[in-house]
Structure formats: structure tokens, C-alpha cells
Protein chains: 2
Amino acid sequence: MSRNPDSGLQRLILDTARKLLFTEGYARLSMRKIAQRIGYSATSIYLHYGNKDELVHALIDEGVDLLHEELCAAYDGSQEPIEQLSEMFLAYINFGLTRPEYYEIMYVLHPEYMTRYPAEKYRKARRNLEMIASAISSGVKSGQFETHDPMLCANLAWTQLHGVVTLLNSERVDKRIPSETLIAASGSHIIRSLLKNQTQVEV
Amino acid sequence: MSRNPDSGLQRLILDTARKLLFTEGYARLSMRKIAQRIGYSATSIYLHYGNKDELVHALIDEGVDLLHEELCAAYDGSQEPIEQLSEMFLAYINFGLTRPEYYEIMYVLHPEYMTRYPAEKYRKARRNLEMIASAISSGVKSGQFETHDPMLCANLAWTQLHGVVTLLNSERVDKRIPSETLIAASGSHIIRSLLKNQTQVEV
DNA sequence: CTATTAACTTAACAGTGTTAACCCCTTCGG
DNA sequence: CCGAAGGGGTTAACACTGTTAAGTTAATAG
């Protein structure tokens with residue numbers, strides 16, 4: 001039940017869980033499989049993680065940090081709000097598409113199935129939205145963007161990005177629409193809606 | 001294995017499955033529970049549905065029809081493209097929020113968990129997108145909308161709506177943002193991006 | 001040397017989807 | 001009228017799942 005990933009075995013469990021999550025997907029991730037793969041009995045895992053959800057929460061933590069890092073890199077890559085935003089949008093979608101397993105446990109799985117992901121950690125995930133809102137704010141200050149509620153706009157952007165990621169990952173988007181087209185369009189679409197004048201944005 | 005819902009029991013199974021889906025959610029929907037509730041053995045279900053996925057597919061069919069009906073009603077409620085669209089957007093989000101279980105099996109569940117929902121039925125689900133695209137097209141013809149690819153725009157709208165529905169349903173949106181605000185903003189946001197001039201749209 | 005404790009195991013419970021084998025009853029052919 | 005066929009249903013079983021209780025083993029502390 002100790003939450004720091006020391007003790008050797010804890011690390012091993014987490015690493016194996018992550019590997020299994022990636023190769024087999026969440027649906028086929030089981031305590032027994034993890035245990036078997038590291039040569040321990042299934043119940044040993046319960047000495048380090050109270051239950052499966054706690055283990056998955058640890059994986060979510062990893063994913064949250066990873067996404068945050070990549071968004072930060074995108075944000076820090078420029079001073080220009082528009083560039084910052086479009087880079088962050090691309091980073092977000094890229095994360096979702098290249099790490100669908102992380103994305104699934106972070107943003108798709110019904111919380112009802114899972115014991116609640118601790119509220120304090122949700123705050124950590126919220127940093128990302130605040131970063132988007134901050135870029136929007138500076139765009140408003142510099143006079144490029146219309147003055148709207150930045151946090152509402154950030155959430156609007158997020159829902160758009162989330163929709164793109166999940167519908168692409170679940171292969172529900174008509175294949176006649178290339179994903180690159182949809183991704184580019186969604187990014188420029190969000191930014192265009194923020195702009196003051198009718199300037200077209202290429203992404 | 002007969003696919004027409006006659007034979008009495010088939011109806012009964014489907015009705016009970018739907019009820020259980022609504023009260024307990026997909027995660028807790030089990031063949032044995034359905035059977036128990038109607039006083040049959042679990043294996044009887046397999047005389048009418050090849051497996052659990054086939055049963056869920058039947059439920060998806062219901063959901064697809066229901067959503068389509070509500071979108072049609074919204075579409076038929078007006079001749080004005082903007083009104084048609086905003087009514088359809090509201091109808092879509094409303095369906096997703098009031099029937100989260102239908103929405104989940106239709107648009108959220110990983111197809112990987114489930115044997116593929118038959119391709120021909122996906123076409124049925126695609127009617128909805130075509131209806132949105134059609135409204136956009138007539139808006140373009142009437143000169144209200146910028147000339148973009150209507151099908152791409154319809155998909156862009158869909159991803160936005162889907163994002164709103166799923167993030168609201170999974171309670172991942174910060175409660176400080178009222179869902180009504182987000183819903184209204186997403187609708188007007190989509191429509192604004194279609195417009196030729198900077199006209200603000202109230203929704 | 002004994003007592004405690006940490007690390008780990010096996011056995012078991014209650015649940016899941018699914019298959020195989022069987023049973024009973026109706027219907028139909030000869 | 002009797003036997004075969006078959007539909008509609010059953011029970012038992014397999015191979016899984018997460019999780020708990022109880023037991024074992026080894027190291028460490030007093």
C-alpha cells in the first residue's frame with residue numbers, strides 16, 4: 001500500500017502492467033497476467049497495490065505527467081499565442097493517437113467502473129487546461145483574440161480535441177476523411193473561432 | 001440466431017437487457033443477470049443471440065434508430081440551415097446526456113472489446129452525419145456559410161459534440177463550468193465557424 | 001532461543017462468457 | 001401407432017476474472 005515506487009517489486013509490477021497495457025490493451029490487463037509475467041503469484045500485487053484500480057491509478061499518474069510534459073514543451077516552444085495553441089493542440093492529439101492506452105485510462109474509462117481517481121490528482125490534470133487558458137489570455141491581451149472567458153474557451157478546445165482523439169482511436173470516423181485533414185481542420189477551427197478578425201490560419 | 005425480434009423470448013431478452021443496461025450500466029450487464037431476471041437459464045439466451053456482443057449489437061440498433069429519429073425531428077423542425085443545425089446539435093447532446101448507456105455502447109466502447117459492429121449498420125449511423133452535411137450544404141448554397149467541404153465540417157461538428165457529451169458524461173469537466181454554458185457555447189461555436197461574416201449567433 | 005514481522009504462497013469465493021451434453025415435448029414420416 | 005427429428009430448454013463444466021483468508025517461510029529483534 002505504500003505509494004512510493006521503491007521496494008523493487010513495485011517498480012517491476014508497474015513496468016509490467018504498463019507493458020501489458022500497451023500490448024494487450026486495458027480490457028485484457030489482468031492481475032494474474034501481470035503476476036505470471038514477473039514470476040510472482042497474483043496476490044503478491046495486493047501487497048503493493050490495494051486493488052486493480054490503485055494500480056491503474058498509478059499508470060494514470062504516469063500518463064498525466066507525460067502528457068503534461070509534452071504540452072509544456074509545445075507551450076515553451078514559442079511566445080506567440082497562436083503558435084503555442086496550435087502546437088499544444090497537435091501535441092495533445094498526438095499523445096492521444098500514439099498512446100491510446102494511456103489516453104483510454106486517463107480520459108475514456110468510465111469513472112463508475114473505477115473507484116474515483118483522487119480529486120487532488122485531477123487538479124494535476126487540470127494544469128493542462130490552465131496552460132491553454134493562459135495562452136488564450138495572452139492572445140486576448142495582445143489584441144489578437146476576441147475577449148471571451150478563456151477557461152470556457154479552453155474547455156471548448158479540449159472537448160473538440162478529445163472528440164477527435166476518441167473518434168479516431170475507436171475508428172468511427174469515415175476513412176474517406178484522412179485523419180491528418182481532420183486534425184489540421186480541428187486545430188485551425190478552434191483558433192479561428194478565437195480570432196478577432198476573419199484572418200485564416202494555416203496549420 | 002434468428003435476427004428478427006419475434007419468438008416472444010427474444011423480445012423479453014432484449015427488453016430486460018435494455019432495462020439492465022439503463023439501471024446498472026454496461027459494465028454490470030451480464031448474461032446471467034438477464035437470464036435470472038426473466039426466470040430462464042443463462043444459456044437460453046444463446047439460443048437467440050450468438051453471444052453477448054450480438055445482443056449488445058441489437059441494443060445499438062435501437063439506439064441508432066432512436067438518435068436518428070430525434071435528429072430527423074430537429075432537422076424537420078425548420079427550413080433555416082442555422083436553426084436546423086443548432087437544433088440538431090442540441091438533440092445530439094441531449095440524447096447523449098439523457099441516454100448515456102445507449103451513447104456508451106454506440107460511440108464509446110472500444111470496438112476492440114467488441115466484435116465489430118457490422119459495416120452495413122455503420123452506414124445507417126452515418127445518415128446522421130449526412131443530414132448535418134446536408135444542412136451545411138444548403139447554408140452554403142443560400143450564401144450564409146463559407147464554402148468548405150460540408151462533410152469535413154460535419155465531422156468537425158461531430159467530434160466537437162462527441163467531446164462535449166463524453167467529457168460531461170464521465171464528469172471530467174470542471175464543475176465550475178455549468179454544462180448548459182458549455183453546451184450552448186459549443187453549438188454557437190460550431191455555427192460561428194461556418195458563417196461567412198462575423199455575425200454572432202445566440203443559441 | 002523465542003517472538004515478531006515482512007514477503008510471499010495456495011486455496012477459495014463469487015462472479016464472468018461460453019460450450020457440450022442432455023432432457024423433454026411436439027410434430028411428422030412411414 | 002411408433003420412432004425419428006428437432007426446437008426449446010436445462011445442468012455441468014471450462015477457463016477466465018478480482019479479491020480475501022489463511023498458511024508458510026525466512027529474516028530480524030530482544
Side-chain angles (χ1 to χ4, degrees), chain A residues 1-18 20-21 23-60 101 104-105 109-117, chain B residues 1-18 20-21 23-60 101 104-105 109-117:
Chain A
M1 303 273 194
S2 58
R3 59 263 305 161
N4 54 329
D6 50 357
S7 115
L9 184 50
Q10 195 150 358
R11 251 264 109 75
L12 194 56
I13 293 172
L14 205 61
D15 290 346
T16 320
R18 190 189 323 107
L20 267 169
L21 178 71
T23 56
E24 314 231 19
Y26 176 79
R28 279 184 277 280
L29 175 69
S30 90
M31 301 300 255
R32 285 179 160 94
K33 260 189 219 162
I34 298 170
Q36 187 197 323
R37 190 144 312 192
I38 57 178
Y40 282 77
S41 79
T43 49
S44 299
I45 303 180
Y46 288 88
L47 302 172
H48 300 93
Y49 295 95
N51 51 35
K52 192 185 179 182
D53 286 345
E54 256 184 42
L55 210 176
V56 174
H57 283 171
L59 290 172
I60 293 181
E101 315 78 10
E104 186 185 5
I105 59 174
L109 277 191
H110 239 94
E112 203 202 327
Y113 301 178
M114 231 166 17
T115 59
R116 198 94 212 153
Y117 186 67
Chain B
M1 304 271 193
S2 59
R3 60 263 308 161
N4 53 329
D6 50 357
S7 114
L9 186 48
Q10 196 150 357
R11 252 264 107 77
L12 196 54
I13 292 172
L14 205 61
D15 289 346
T16 320
R18 190 189 324 107
L20 267 170
L21 178 71
T23 55
E24 314 230 18
Y26 176 80
R28 282 184 273 283
L29 176 69
S30 91
M31 302 298 257
R32 285 178 160 93
K33 261 190 220 162
I34 298 169
Q36 186 196 325
R37 190 144 310 193
I38 59 179
Y40 282 77
S41 78
T43 49
S44 300
I45 302 180
Y46 288 86
L47 301 173
H48 303 273
Y49 296 94
N51 51 36
K52 191 185 178 182
D53 286 347
E54 257 186 41
L55 210 177
V56 174
H57 283 172
L59 291 172
I60 292 181
E101 315 79 11
E104 185 185 6
I105 59 175
L109 276 193
H110 239 96
E112 203 200 328
Y113 302 178
M114 236 174 5
T115 58
R116 197 94 214 153
Y117 186 65

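Residue numbering restarts at 1 for every chain, and letters A, B, ... go by the order of the sequence lines.
The interatomic distance linking B:Tyr49 (OH) with D:dG8 (P) rounds to 14 Å, in whole Å. The CD-C1' distance, from B:Gln36 to C:dT16, rounds to 14 Å in whole Å. Atom CD1 in B:Ile34 sits about 11 Å away from atom P in C:dT18, given to the nearest Å.
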Pair up each side-chain donor or acceptor in residues 33-45 of chain B with any protein partner under 3.5 Å, not counting sequence neighbours, and list the distances.
from    : atom 1 : to      : atom 2 : distance (Å)
B:Lys33 : NZ     : B:Arg28 : O      : 2.9
B:Ser41 : OG     : B:Thr43 : OG1    : 3.1
B:Ser41 : OG     : B:Ser44 : OG     : 3.3
B:Ser44 : OG     : B:Ser41 : O      : 3.3

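When all heavy atoms of A:Ala17 and A:Leu29 are compared, the pair lying nearest together is O-CD1, 3.8 Å.
Applying the side-chain hydrogen bond (donor to acceptor under 3.5 Å, both in side chains) rule to B:Thr16 yields no partners; only residues at least two apart in sequence or on another chain are considered.
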Open item on the list: Across nucleotides 9-18 of chain D, 5' to 3', mark each nucleotide with B, S or - according to how protein heavy atoms within less than 4.0 Å reach it.
Closed with: BBBBB---BB
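Contact of the A:Met31 side chain with the A:Leu55 side chain is registered, since non-hydrogen atoms from C-beta on lie closer than 4.5 Å. Contact check for B:Tyr49 versus B:His57: no side-chain heavy atoms found under the 4.5 Å cut-off.
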